[in-house]
Undergrad: 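Below you will find the structure I want to go over with you.
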Amino acid sequence: MTHTPTVLAFDLGAGSGRALIGEMMEAAPGGSKRLQITEIHRFSNTPVRIGEHLHWNTLGLLHEIKTGISKAFQLGYKPESCAIDTWGVDFGLLDANGELLGIPYHYRDHQTEGLVEELSAKLGAERLFAESGLQFMPFNTLYQLYAMKKANSPKLDVAETLLLTPDLLNYFLTGRKACEFTMATTTQLYDPANRAWNKQLMSELGLSDFLFLEPVQPGTEIGQLTEEICAELGVPRLKVIAAVSHDTESAAAAVPASSQSFAYLVSGTWSLLGTQMQEPLLHPDVLKLEFSNEGGAGGTYHLLKNIMGLWILQECKRIWEQRGESLTFSQLVALAEIAEPFRSLIDPDDLRFMNPDSMPEEIADFCRESGQPEPRTIGETVRCTLESLALKYRMVLEQAEKLTEAKFDGLHMVGGGIQNELLCRFTAGAIGRPVWTCPVEASAIGNMLVQLQTGGYLTDMQEGVELVKASFPISTYESEQQTEWENAYARYQQLMEVKPC
């Protein structure tokens, strides 16, 4: 019987998580290979508010991961390994006994408000960027730890180890502590120029440098499931691999590009637009344009920018549901399609949209304060959001080209957001170039590719990219209504120069 390499990937997003089986199949006996993916478990990932703070339900996530492992074997699969990819920046602290100290904070918690400005004034924005290469986002690990320090958190006094989210979950599964490279680069405490933790900065801020483990590269075997978990679930000693643990970079590793120079957009709760590079780009213009350098597969770096993404639409939907307007995303998109085009535009990255009490009201306020008509209907609000995202993508794509001195033929879109065909069409119209979409489950697929390479089934990640091309159809969106989009972009550029207070 032909051996079918099989792996198990856990992809945890800000709102949900899923367990997927990846099987490397022969398209025909002795012929080419293809990757077959099967979702076996899906679960919500809902933050928990306790008092004034917002937290992740970390132990609930561990329970769901265990459930996914159990289901894999119950369904008859025999995965050789498993791996986890998640969002960046968030972490748990362990004490000397390896016990979790408290409940990890959610990156949308308000504890870090004002700290970007405070630390930039204290240390200098230029220095902070030169020593981290990161866009200054209020949720970065640096600001979370500094907030805890300012609050005299007793957890920092007794903590022995800091583990970022996927590393923490791997520790719970294996009993072994490790820090994966791509996650380390999201903290703003890792120096990409020296490829080492910034211990001098930690010292200046009163943070203990021994909390941070030496990073390991994607593809490192962390260990095997503990005997206790194997007994609990009735499963064998499954290997646990550190994949490209940051979900953005995991998705980037699965982009089916035809050349080494390409631009991609990972579309989901967040939108992340970037390009792959061999070395970090630490020029002052990168700081000025608020881009990041994040670690990727094979020791590469990715020059990218965080854009607020479909979080805005997700939050609008939640508020409308509270008010009795229960509409599916497909219904929301259908309402947007018939709404008046280019009526109002917003800056998706305005911090007012980070975690407001009511997203629809926040959008209306932005439009009114910037001298634009307020959206009157649900369809107008959705269309405003999607058009604004598409125009922001163009702006960021052009900035990426300026920084890298490259010209991209089009834009590869991957992730769950590509199921929103209207957004894909709008993006092609906005950038005036083709948009290629594939695959939806990019983060999980990138996760699988690393596992398959670790298992010896792929020679390198480029072979993995060819496997993606052979396995998943690519859709192409051509630009349309170009004059209208050019006029809208001119308006959008003016709006970015004169944003509401």
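In this text the structure is predicted, and so the values were computed from the model without any measurement. FYI, the numbering just counts along the sequence from 1.
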Undergrad: Does anything in residues 66-91 form a side-chain hydrogen bond (donor to acceptor under 3.5 Å, both in side chains)? List the pairs, not counting sequence neighbours.
TA: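 Listed by first then second residue: His3-Glu80, His41-Lys71, Trp56-Asp90, Lys66-Glu232, Ser70-Gln74, Glu80-Tyr457, Ser81-Gln451, Asp85-Asn447, Trp87-Asp90, Asp90-Gln144.
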
Undergrad: Taking C-beta and beyond as the side chain, do Pro79 and Phe73 meet within less than 4.5 Å on heavy atoms?
TA: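 Of all side-chain heavy-atom pairs linking Phe73 with Pro79, at least one is under 4.5 Å.
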
Undergrad: Do Thr427 and Leu411 have side-chain heavy atoms sitting under 4.5 Å apart?
TA: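 SC-SC contact between Thr427 and Leu411 confirmed.
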
Undergrad: How long is the span from the CD1 atom in Ile312 to the CG atom in Leu386, to the nearest 0.5 Å?
TA: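 Ile312 atom CD1 to Leu386 atom CG measures 10.0 Å (nearest 0.5 Å).
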
Undergrad: May I ask you to check whether Trp270 and Phe139 place their ring centers less than 6.0 Å from one another?
TA: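 Between Trp270 and Phe139, the centre distance is under 6.0 Å.
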
Undergrad: Nearest 0.5 Å please: distance from the CE atom of Met496 over to the CG atom of Asp349.
TA: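 Those atoms lie 8.5 Å apart.
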
Undergrad: State which residues pass side chain to side chain donor-acceptor pair (under 3.5 Å) with Trp311; sequence neighbours excluded, sorted by chain then number.
TA: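 In terms of side chain to side chain donor-acceptor pair (under 3.5 Å), with neighbours along the sequence ignored, Trp311 is linked to no residue.
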
Undergrad: If you apply the rule salt bridge (charged side-chain N to carboxylate O under 4.0 Å, His left out), what do you find for Lys317 with Glu325, and how did you get there?
TA: CA-CA 8 Å; Lys317 182 176 183 291; Glu325 297 277 2; over 6 Å; no

Undergrad: Less than 4.5 Å apart, any side-chain heavy atom of Leu205 and any of Leu142?
TA: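 Result yes, sub-4.5 Å side-chain heavy-atom pair found.
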
Undergrad: Salt bridge (charged side-chain N to carboxylate O under 4.0 Å, His left out) for Lys122 and Glu204? Distances and angles first, verdict last.
TA: CA-CA 10 Å; Lys122 179 184 179 73; Glu204 291 178 36; over 6 Å; no

Undergrad: Assess whether a salt bridge exists between Arg195 and Glu279, defined as any Lys/Arg side-chain N lying under 4.0 Å from an Asp/Glu carboxylate O.
TA: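 The answer is yes: the pair qualifies as a salt bridge.
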
Undergrad: Given salt bridge (charged side-chain N to carboxylate O under 4.0 Å, His left out), test Lys199 with Glu214 step by step and report yes or no.
TA: CA-CA 12 Å; Lys199 295 185 177 182; Glu214 189 65 25; over 6 Å; no

Undergrad: Going by an N to O cut-off under 4.0 Å, is there a salt bridge joining Arg127 and Glu131?
TA: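 Looking at Glu131 together with Arg127, the answer is yes, because their closest N to O distance falls below 4.0 Å.
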
Undergrad: Test Arg18 against Ser16 for side chain to side chain donor-acceptor pair (under 3.5 Å), laying out the working first.
TA: CA-CA 7 Å; Arg18 53 219 141 263; Ser16 66; 3.0 Å; yes

Undergrad: Output yes when Glu315 and Arg318 qualify as a salt bridge under the 4.0 Å nitrogen-oxygen rule, no when they do not.
TA: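 Yes, Glu315 and Arg318 are salt-bridged.
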
Undergrad: Salt bridge or not for Asp167 and Lys177, using N-O below 4.0 Å?
TA: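 Result for this pair is no, no salt bridge flagged.
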
Undergrad: Side chains of Leu162 and Thr187, heavy atoms from C-beta outward: is any pair under 4.5 Å?
TA: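 No, side chains not in contact.
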
Undergrad: Answer yes when Glu441 and Arg42 have at least one side-chain N-carboxylate O distance shorter than 4.0 Å, and no when they do not.
TA: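 The answer is yes: the pair qualifies as a salt bridge.
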
Undergrad: Is the closest side-chain heavy-atom distance between Glu64 and Asn45 below 4.5 Å?
TA: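 Of all side-chain heavy-atom pairs linking Asn45 with Glu64, none is under 4.5 Å.
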
Undergrad: Is there a side-chain contact between Ser388 and Asp347 in this structure, where contact means two heavy atoms from C-beta onward sitting under 4.5 Å apart?
TA: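 Heavy-atom side-chain distance check fails, nothing below 4.5 Å.
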
Undergrad: Measure the CG-OG distance between Leu201 and Ser132 for me, rounded to the nearest 0.5 Å.
TA: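 Here the rounded value is 8.5 Å.
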
Undergrad: Indicate yes or no: at least one non-hydrogen side-chain atom of Leu163 is less than 4.5 angstrom from one of Phe212.
TA: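 They are not in side-chain contact.
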
Undergrad: Are any of the side-chain nitrogens in Arg352 or Glu362 under 4.0 Å away from the carboxylate oxygens of its partner?
TA: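 Looking at Glu362 together with Arg352, the answer is yes, because their closest N to O distance falls below 4.0 Å.
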
Undergrad: Evaluate the side-chain proximity of Trp197 to Leu189: yes if any heavy-atom separation is below 4.5 Å, no if none is.
TA: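 Leu189 vs Trp197: side chains touch.
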
Undergrad: Going by the rule side chain to side chain donor-acceptor pair (under 3.5 Å), which residues pair with Gln135 if we only count those two or more places apart in sequence or in a different chain?
TA: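 Per chain and number, Gln135 pairs via side chain to side chain donor-acceptor pair (under 3.5 Å) with Asn306.
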
Undergrad: Are Lys305 and Glu294 ion-paired here, with the side-chain N under 4.0 Å from a carboxylate O?
TA: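 Result for this pair is no, no salt bridge flagged.
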
